[in-house]
There are 4 protein chains.
Amino acid sequence: MIGCAIETLATEGYAQASLAHIAQRAEVSKSSINYYFSSKEELLKQVVIEVYNGAAAYIGPRISAQSGASERLRAYIEAHVEYISQHLTEMMALAEIGLNARTADGKPPLASLTGEPALDPLIRLLRVGQEAGEFRDFDARVVAITIRRAIDGTSRLLIGNPDLDVGHYTRELVTLFDFATLKGTTHDHLHLSRK
Amino acid sequence: MIGCAIETLATEGYAQASLAHIAQRAEVSKSSINYYFSSKEELLKQVVIEVYNGAAAYIGPRISAQSGASERLRAYIEAHVEYISQHLTEMMALAEIGLNARTADGKPPLASLTGEPALDPLIRLLRVGQEAGEFRDFDARVVAITIRRAIDGTSRLLIGNPDLDVGHYTRELVTLFDFATLKGTTHDHLHLSRK
Amino acid sequence: MIGCAIETLATEGYAQASLAHIAQRAEVSKSSINYYFSSKEELLKQVVIEVYNGAAAYIGPRISAQSGASERLRAYIEAHVEYISQHLTEMMALAEIGLNARTADGKPPLASLTGEPALDPLIRLLRVGQEAGEFRDFDARVVAITIRRAIDGTSRLLIGNPDLDVGHYTRELVTLFDFATLKGTTHDHLHLSRK
Amino acid sequence: MIGCAIETLATEGYAQASLAHIAQRAEVSKSSINYYFSSKEELLKQVVIEVYNGAAAYIGPRISAQSGASERLRAYIEAHVEYISQHLTEMMALAEIGLNARTADGKPPLASLTGEPALDPLIRLLRVGQEAGEFRDFDARVVAITIRRAIDGTSRLLIGNPDLDVGHYTRELVTLFDFATLKGTTHDHLHLSRK
DNA sequence: TATGAATGAGCATTCATTCAT
DNA sequence: CATGAATGAATGCTCATTCAT
């Protein structure tokens, strides 16, 4: 049932993801959904949890397997893009919810996903790299946000370009952020002159 | 009236931006909106045009004023982030529309805004820089997408952190993409080893 | 303007014959219609009058030109069918109004057109024919109603069969009602046995 | 619910037969109608089917019970008028739908009811009578149309004259079409002279 | 004379939810 | 455990009408 909700969200969009449509896809009655989930909000929350846990289970170990900060960053990007490319539907669903769902007061409640809390591990990773002397001196939060934005954009990119070479895209992204983060001598004048 | 539509979209979200809510904010009747705009779709289209033109008028000249590719890229980022930080509401509205509106068949029709066509000038800018020997050898499209994603994320970031130091954020972003794009010697081994 | 109302009614139907559509066809503003006609009801009334007078001006003399009752009846049918076939649009408009317009209380107010009052001349014609011994002994009202129904159906018939041979159709109709009304000996037993 | 739709159509007319009005008469909510009927069009279709089937069930056997063509024609008229006089409301509803409903392109889609297809059995009946030598030589289609028009007009007639003597009216109609169709000698000169 | 602006009422339809079974 | 029935609220939209100009 959660699976059908995901499919509906991904293929029809948030606005069309009514209980009726989800129920139709799941070939159950609308009432059944309300039986298992106290409200639509609850259903969406479960969708988020399900998708999020699935991603974490795949990505977490991939990062942990690496030891150096730069290797971890590469693994972070690679694992995310890879997972996204293999779970496009779920990611689209997540995006639909994250961009539309609001709390009663009106503001994006699931900012927690793409937002600050979810960003913390990445920020920590970057700071560790800086302390270890692997990364140059940047604002870890800004870089983290940029990386997350690049990663989160992957699903849309793949939707629009289904035959995109994911491997090539991943490598380019990794290289890009390698250059952007790794300590080097050549570019330092730029960095300093801008400070 | 378009202004109120923008405010409603930005503060209440796409789903809550009904004609009734927009009309209420504008202190006119629902019918009046339908008098000036033949449909809701038309209203949203006008919102997009209005916001888009305003941004282009500000940003375009700022980029053109620069001559070198790397200076242009810096101007691109700076002008965008600056404009976004000063027109947060409009940008949020644009995002709400771009991410939710669908054509009759169901898929993102306004991808044109954040999507491919809008990307072309940036891609060209990057390629010019590569041909001029200013930029290293990267996939211009991947880098362009990443830059756009970083820029487009600014509005959400500012919503969540209203007292963010925009100047600092912009400088960090510019530096990040300087490192990511400019030709240097130090990091070349990374790039090559990954190829 | 009345002409455009007629066209709109005939081609788009009563439900679609809004002031907006009529105004569009007439290439004037909606307000102009309300300026010349105090209400939509008034406009429709004028349409009815216009069409009705046009028909009367054509048909009246054609009937009066005949002297015998049976000749008059033939002229009645012939003139009507002929006029209808040449003014299909107007007739369709009349039908749309007659079948849909209602007074405030809810009942067909324009029954006067196809209804009783409009029937009186025909009833009188038939009775004169009976008194003159030309027509058999029938209920003039029933026959009159039947003749009117046949005539009124002509427009629909022509809409559905645009290449109908109107001359043939008219002759068949005239013959049919000749048989139905003229005094004869052969069928009298039927009539009597049914009384 | 279909019953209330019929009543509303008959008493208030097609234009006033909104879901709101029908729901009010049925003392249910508008939503309930949409629950049972996927659209208003569907509701009207069911009304047509219901009424049509009811009529067919009554009228069909009455005609089949007769053997001769002229007897069948009499039964055809008698059964129709009788049924109509006893189901005035339903017939009015049917008329409102048939005369107003339009397909997306704009023209009368339910012509099938009063229109050509529904006419075929009557045309066949008349032709059989002609081949059997019972009926004179007329255009069966024209006569059929005229008979249907007379029958279809009955409901309007009864609405306008609730205390009409239906028996008398039926007999007059039957006699009229007896004279109009049966082979006789007296009138033949008319027919021939017109040919 | 003619029209743009504005609106309240009404339309068919969709939705999440409740309730009895 | 599951669902059919039912509904109030809300949606985008059309309409005839009014009013100031």
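Naming: A, B, ... by sequence-line order, numbering from 1 per chain. Predicted, not measured: the structure shown is a model, and the values here were computed from it.
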Sole candidate of A/Glu96, A/Arg25, A/His21 that passes side-chain contact (heavy atoms from CB on, under 4.5 Å) when paired with A/Thr11: A/Arg25
Within 45° cone and under 6.0 Å: B/Lys40 NZ/CZ vs B/Tyr14 ring: yes
Whole angstrom value for the distance that separates C1' of E/dC15 from CD1 of A/Ile33: 13 Å
Watson-Crick and G-U pairing of DNA chain E written in dot-bracket, each distance under 3.5 angstrom, with | for inter-strand partners: .||||||||||||||||||||
Separation of E/dC15 P from A/Leu43 CG (nearest whole Å): 15 Å
Nearest-angstrom distance from the residue atom CD of A/Gln24 to C1' of E/dC15: 14 Å
Footprint string (nucleotides 15-21 of chain F, 5' to 3'): B base within contact, S backbone only, - free, heavy atoms under 4.0 Å: SBBB---
For B/His87, all residues meeting ring-ring contact (aromatic ring centres under 6.0 Å, His included), sequence neighbours excluded: B/Tyr83
Exam field: side chain A/Ser32 to backbone A/Val28, donor-acceptor pair closer than 3.5 Å: no
Nearest-angstrom distance from the residue atom OH of B/Tyr14 to C1' of F/dG12: 12 Å
Given DNA chain E, 5'-ward residue of the pair C/Ser29 and B/Ser29, judged by closest heavy atom: C/Ser29
Stepwise salt bridge (Lys or Arg N to Asp or Glu O under 4.0 Å) check, B/Glu50 with B/Lys45: CA-CA 9 Å; B/Glu50 179 117 329; B/Lys45 197 184 292 181; over 6 Å; no
